[in-house]
Structure formats: C-alpha cells, structure tokens
Protein chains: 2
Amino acid sequence: MVGIVGAGQLARMTQQAAIALGVELRVLANDRRESAARVIPDAHIGDHRDLADLREFAKGCDVITFDHEHVPNEHIRALIAEGHRVHPGASALIHAQDKAVMRERLTAIGAPCPGWARVASLADVEAFAERYGWPVVLKAVRGGYDGRGVWVCASAEEARGPLSGGAELIAEEHVPFEREVAVLVARSPHGQGVSYPVVETVQQNGICVEVIAPAPGLDEGRAADAQHIALTIARELGVTGLLAVEMFDTGTGFVVNELAMRPHNSGHWTIEGARTSQFEQHLRAILDLPLGSPAPTAPVVVMANLLGGDDPDVFSRYEHVLAHDPEIKIHFYGKEVRPGRKIGHVTALGTDVDEVRERARHAARCLRGPVHA
Amino acid sequence: MVGIVGAGQLARMTQQAAIALGVELRVLANDRRESAARVIPDAHIGDHRDLADLREFAKGCDVITFDHEHVPNEHIRALIAEGHRVHPGASALIHAQDKAVMRERLTAIGAPCPGWARVASLADVEAFAERYGWPVVLKAVRGGYDGRGVWVCASAEEARGPLSGGAELIAEEHVPFEREVAVLVARSPHGQGVSYPVVETVQQNGICVEVIAPAPGLDEGRAADAQHIALTIARELGVTGLLAVEMFDTGTGFVVNELAMRPHNSGHWTIEGARTSQFEQHLRAILDLPLGSPAPTAPVVVMANLLGGDDPDVFSRYEHVLAHDPEIKIHFYGKEVRPGRKIGHVTALGTDVDEVRERARHAARCLRGPVHA
C-alpha cells in the first residue's frame with residue numbers, strides 16, 4: 001500500500017501506473033470530489049497540515065509520498081521518527097519547500113545558481129541590485145507555485161509590494177536566458193538513478209503551457225551537462241523518487257531555477273512518450289524497485305496543458321478534437337472547469353517538431369474553447 | 001458514467017483508459033476484493049444474473065457495457081426496454097453468448113465457418129462425423145471459455161462424456177490450421193469502424209499464452225482479408241464496442257472460431273503497442289465518440305500471459321524481472337495467485353520477432369516461478 005498525501009492530478013495519473021504494477025494506492029484528500037479521490041477507492045479525507053490526520057492516514061501504508069510540497073516538514077520528520085517510510089524524506093523535501101535552503105545547498109554543492117540573497121528590507125534589495133542590477137527577482141521562500149510568489153521588480157518601487165506582504169523573501173539575479181528547460185530524474189533509496197531526456201518548457205504568465213521532448217536543437221554534450229546537473233542534485237540532496245529540475249538555458253550553460261520532488265508537469269509527456277511513465281517511475285523509485293527505461297517512444301513528443309476557458313462544457317468540444325486527430329491523446333483531470341485552471345493536457349507524438357507542436361496546440365486550443373478576456 | 005457489469009481484469013484495465021478520458025466508471029462486482037473493484041471507487045456489489053441487481057446498478061449510468069458474456073440475454077433486453085443504453089446490445093451480444101446462434105448468423109452472412117450442426121445424441125454426432133470425419137469438436141452452446149466447454153473427440157466413445165453432461169451442444173468440423181489468429185475491431189453506434197492489425201495467438205491447453213502483433217509473415221492482402229471478415233461481422237451483427245474475432249489461419253484462408261464483444265486477451269498488447277489501447281477504444285465506441293488510431297507504436301509487440309505458479313509470492317520475483325529488462329511492461333490484475341490462473345500479463349516491444357518473444361517469455365516464466373506439475 002502506497003499512501004499519497006494530496007489528491008490532485010498527479011495522484012490521479014499515478015493510479016494509472018499503480019493499476020498495472022499491482023500496487024494499491026491510498027490518498028489523503030480534502031474531499032471525495034478531488035481529482036484523484038474520484039478514481040482511487042481508498043481515499044481518506046483529512047488535512048495535510050494536521051499531524052493527527054497524517055498519522056491516521058499513514059497507518060497501514062508501506063510507503064508514503066506526496067502529490068505536492070505543502071506538508072509541513074516537521075510533520076514529515078515526525079512520521080519518519082515514528083517508523084514510517086517516507087519518500088522523498090524530510091531532509092530532501094525541504095529543498096523543494098524552502099527556496100533559501102535550496103539555494104544554500106545548491107551553492108554548497110556547486111550547482112549553477114543565479115546570484116541570490118535573503119532579503120528583508122528595501123535596503124537589502126537595493127544592495128542586491130547594486131551588485132546584480134535591475135530587474136531583481138523576488139521570491140517567497142515558501143508556498144509559491146505556478147508563478148505565484150514570484151515578482152520580477154524593475155525598480156525599488158516595485159519591490160515595496162512583495163516586501164510589505166510579510167513573507168520571507170529571497171532576491172535572485174534576473175538571468176538572461178534563451179529558453180527554459182527541465183530535466184526529470186529518478187533516484188531510488190539504494191541509489192539507482194536515471195534521467196529522462198532534457199525537455200523545453202514554454203511558459204506563459206508563469207504557467208507551463210507546452211513541453212517539447214526532447215528540447216529542440218540541444219546538442220548531445222549540452223544535454224548530458226543538464227542531465228548531470230540534475231542527477232548530481234538528486235544524489236547530493238538524497239532525493240528518493242522523482243526530481244524535476246527546472247533550468248534556464250542561457251545558450252552556453254544552465255542555471256537552476258526550481259526543484260520539485262514528485263511527478264511534474266514537465267514530465268506528463270512520458271505517459272505515452274517514454275517507455276516508463278514518470279508516474280510508474282516514481283512508484284518504482286519509492287518502492288526501491290529497479291527503475292524503468294526512460295527511452296522515448298517517438299522522435300518528438302509535445303505536451304500542451306489544457307487550461308479552462310469561459311465555457312465549462314469542455315465535452316462538447318471533445319468530439320471535434322478526437323475526430324480531427326485520431327492519434328491525439330487527451331488526459332482530463334476530473335476537475336470543474338474554471339478560467340485558467342489546469343484541467344487536463346494533450347500529448348502528440350511524431351517526427352517533425354513543428355507539425356507535432358501544431359497538433360498539440362490545436363487540440364488544446366479547441367478544447368479550451370472561447371476565452372473572453 | 002459508464003457502468004461495466006463484471007469486475008475482472010478487463011474492467012480493471014478499462015479504468016486506466018477512463019482516467020485519461022475523464023470518464024467515471026461504475027462496476028458490478030461479486031465482492032470488493034475483485035480485480036476491478038480494487039481500483040474503481042464506485043463498485044456495486046451484486047449478482048449479474050439477477051435483474052433486480054442489474055436494475056439497481058444501471059440507475060444513473062449513461063451507458064452500460066460488459067466485462068464478460070454471462071449476463072442473461074433476456075435481462076439485457078429488459079434493461080434496454082426500460083430505456084437504458086447498453087453496448088453491445090442484446091441482439092448483438094447473443095452471438096457471443098450462444099454458439100449455435102452465432103454459427104447460424106455467420107453462415108447466413110457468408111462468413112467463413114467450419115462445418116457445424118446442432119447435436120443432441122450420439123447418433124447426431126456419428127452422422128456429423130460421417131460427413132466431416134473424426135475428430136469432431138463438440139462445444140457447449142453457452143457458458144464455455146478458456147477451453148472449458150470444448151471437447152475434441154477422436155471417436156464416438158469420446159463424445160459420450162460431453163453428451164451426457166446435459167448441456168446443449170454443437171458439433172464443429174475439426175479444421176486443420178497452421179496457426180490461430182485474431183482480429184480486433186471496434187464499431188460505434190453511428191457506424192464508424194476500425195480494425196487493429198491481425199495478431200497471432202499462441203494457445204496451450206485452450207488458454208492463450210502469447211500474442212504476437214502483427215501476425216508474423218502474414219502478407220498484406222491476406223491481412224486485409226481477415227480484417228474485412230471481422231469488420232463485416234461487426235457491421236452485420238450490429239456490434240457496438242469491441243469485437244474480437246478468433247480465427248484459424250489455414251495458410252490460404254481463415255475460418256472463424258470464436259467471437260467476443262468486449263476488450264479481449266488478444267488485444268492486451270495495444271496498451272503500449274497501439275496508439276489507442278483497446279480499453280480506450282471500447283469506451284470511445286460505446287460513448288459514440290470518434291474512434292482512435294489503431295496504428296502500432298513499434299514494429300513488433302509481444303504479449304505473454306502471466307499464469308499463476310505454485311509459489312504465490314510473485315512479488316519476490318518482480319525485482320529480478322524489472323532489473324533484467326528495464327523496457328518490459330508488467331500488468332498485474334490484483335488477483336490472488338492460483339496455479340494456472342491468469343494473474344497478469346507482460347508486454348515487450350521491439351523490432352525483431354524472436355528477440356521480443358524471448359523477452360516476453362522470459363519475464364512471464366520468471367514471474368510464474370516454480371511449477372511442480
């Protein structure tokens with residue numbers, strides 16, 4: 001029995017892999033209508049911030065893992081101290097929960113980082129800008145995701161808002177980059193590691209809208225550099241399970257932007273596009289089973305996120321998309337449609353990047369329907 | 001909401017496809033530990049032979065379909081009369097439930113059949129043998145599967161046992177064949193049809209042990225003939241959903257052996273081996289959505305059934321198999337291990353038939369473990 005804290009789409013898609021592996025899942029959900037609770041019989045209802053709920057949930061689980069990073073680190077430490085197997089462990093996961101701890105550690109192990117500093121006042125930010133120039137990127141140390149908790153400040157004036165919010169912040173150098181890429185690796189407790197191909201991630205307003213695998217035009221040597229960075233981080237931080245490393249590609253090198261220790265949006269393409277999906281790989285890793293082949297199943301794979309539009313009746317457009325492209329793969333997350341919300345994704349496979357991107361975009365655009373913004 | 005009557009491995013694997021399509025499933029199970037009831041939250045407990053249980057189950061389902069052929073045809077007619085959408089319908093499904101009805105209808109539409117006749121006495125069987133020679137194949141008209149309800153009788157003496165069992169029987173000519181093949185097709189209520197590639201099925205003791213896709217050495221013209229036979233049967237019988245047609249390949253032609261109207265063991269290879277799995281295709285067909293591409297994802301795909309051995313602890317051998325072949329795909333059905341029981345399957349993909357077969361066989365053999373027969 002594997003327990004997943006959180007019942008979003010990552011836990012939902014993990015169920016597809018668990019069915020084949022013969023692994024039974026339990027999820028800790030906020031309510032029974034959550035994405036994963038709709039497809040997993042053993043759904044416990046509770047609060048992931050409450051240690052008593054976590055303890056009750058953990059009873060009978062062989063391994064505990066996560067759908068998100070929001071479980072308080074001290075609760076994870078408590079569960080481990082009480083004898084539960086938790087992957088990733090508290091001492092690894094803290095690096096995906098606290099950006100200051102992450103930057104300190106990455107700097108210590110020599111992973112490429114932007115200039116950064118803890119900042120608490122406008123004077124701190126101005127001193128940082130003096131050294132690295134404007135704009136300065138301010139980030140909430142804890143709790144941000146999908147662009148939330150990140151502010152690109154062109155001037156001291158623009159830094160006032162984030163500083164007044166009361167959240168602990170770090171400042172980061174604004175790295176001039178050509179594109180964003182991500183490397184997904186898996187590491188098992190006994191130390192086996194594998195890396196998926198480097199992918200390009202296309203962001204709009206801080207939300208990933210498209211992933212292209214492999215990253216177009218990236219030569220083998222540079223791809224190996226990026227994979228080496230991610231595998232090194234996984235090893236040095238003692239990650240067990242998946243680690244997604246989001247990086248800026250500066251054209252000559254890579255700079256680490258963010259870490260996630262779970263299946264990641266940049267890896268959804270692996271469901272059809274790799275011999276082992278990220279969801280199967282995460283289960284294999286946390287169960288300390290031999291890892292599966294990350295080899296791609298097609299020369300080009302493109303995943304496009306499906307964001308909610310203004311018309312919630314997405315199913316009326318479903319037929320058109322399926323009829324238009326009999327090879328497109330659609331994944332719905334069982335979520336109510338709200339404008340801008342990630343409600344699913346589509347995956348296209350093929351040989352020509354432009355053609356495959358256009359197919360994925362067409363499907364995502366059609367399914368989204370009208371947007372009156 | 002799609003209701004599946006029966007909660008075996010076919011319903012279980014349908015859940016993997018339903019999760020992506022955003023379709024909620026309900027199953028009618030004998031108990032909560034059944035294969036599909038372990039992975040589908042909405043499991044109703046009831047008896048598929050009981051009309052009251054079926055009615056209760058059907059409430060709120062948009063479409064009803066089947067995991068097996070054992071629901072009494074009159075109950076299906078009753079559900080349809082009461083306004084339920086059922087795919088396949090009673091008038092189609094009867095051909096997969098009653099072998100005499102099936103033979104009559106296939107003969108009428110000109111599908112290639114062995115010589116056959118209804119038989120009720122030894123005299124009937126001897127008269128049949130006079131015309132077609134020994135051995136004579138006796139089949140129970142209803143209820144047989146996996147070799148049960150089929151007797152190959154070399155003499156009148158051997159026919160006594162089956163005849164004395166009280167079951168309604170037909171006699172069939174023993175067709176000399178080179179191998180067995182199967183064609184899986186899908187047809188939607190509005191009449192769209194697609195065919196998967198013809199596969200070779202390898203049987204041992206009446207149980208399918210291996211499926212090779214596509215059938216090795218089958219030339220394009222003959223493959224098209226076999227697909228044409230299956231698509232014609234689907235159209236003429238008004239099948240909605242999947243139809244698996246098992247055939248004898250005589251080297252020059254094909255003779256229809258059995259029909260199934262649901263996902264079929266001969267189609268498990270499509271999960272990784274075709275752009276659209278048979279489980280997704282069945283859901284698309286019964287929901288009258290456009291059908292998906294049946295194109296294969298690799299030049300050769302081999303599926304090997306995993307039969308229980310004498311050691312029930314299959315998981316102890318799991319690690320070895322995963323470590324040996326990082327590309328092998330294992331599917332467990334969540335069933336208790338019993339000798340000879342289908343408890344899962346493995347799938348291997350590649351380019352060389354011999355190499356891919358060996359990989360699949362090795363994995364299935366290792367997972368089975370010791371057999372002291």
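Lettering follows sequence order; numbering is per chain, from 1. It should be emphasised that the depicted structure is a prediction, and the values quoted were computed from it without experimental measurement.
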Decide, yes or no, whether a salt bridge links A/Glu24 with B/Arg12 under the criterion of side-chain N to carboxylate O below 4.0 Å. no
Heavy-atom pairs under 4.5 Å with chain B are the metric here; pick the option from A/Ala323, A/Pro294, A/Ala295, A/Pro41 that has the most. A/Pro41
Can you say whether B/Glu280 sits under 4.5 Å from chain A via the side chain, the backbone, both, or neither, judging by heavy atoms? side chain
So which part of B/Asp325 gets closer than 4.5 Å to some heavy atom of chain A, the side chain, the backbone, both or neither? neither
Heavy-atom closest pair (B/Thr276 atom, A/Pro326 atom, distance to 0.1 Å) is OG1-O, 4.0 Å
Choice from B/Ile330, B/Thr297, B/Val314 maximising heavy atom contacts with chain A below 4.5 Å: B/Ile330
Chain B contact via A/Tyr318 - which portion, at a heavy-atom distance below 4.5 Å: side chain
If I measure from the heavy atoms of chain B, does A/Arg32 come under 4.5 Å with its side chain, its backbone, both, or neither? neither
Working to the nearest 0.5 angstrom, can you tell me the gap between A/Phe332 CZ and B/Leu21 CG? 9.0 Å
Pick one of side chain, backbone, both or neither for B/Ile19, based on which atoms fall under 4.5 Å of a heavy atom in chain A. both
Please determine whether the number of non-hydrogen atoms from other residues, nucleotides or ligands lying under 6.0 Å from atom CZ of B/Arg341 exceeds 12. yes
Given that the side chain runs from C-beta out, which part of A/Leu349 has a heavy atom under 4.5 Å from chain B: side chain, backbone, both or neither? side chain
Only pairs of heavy atoms separated by less than 4.5 Å count here; which of A/His331, A/Glu319, A/Gln16 has the most with chain B? A/Gln16
When rounded to the nearest 0.5 Å, the distance separating CD1 of B/Ile328 from OG of A/Ser293 is 11.5 Å
For chain B, which of A/Gln15, A/Gln192, A/Met13, A/Lys329 has the most heavy-atom pairs under 4.5 Å? A/Lys329
Using 4.0 Å as the upper bound for N to carboxylate O, is an ion pair formed by A/Glu272 and B/Arg275? no
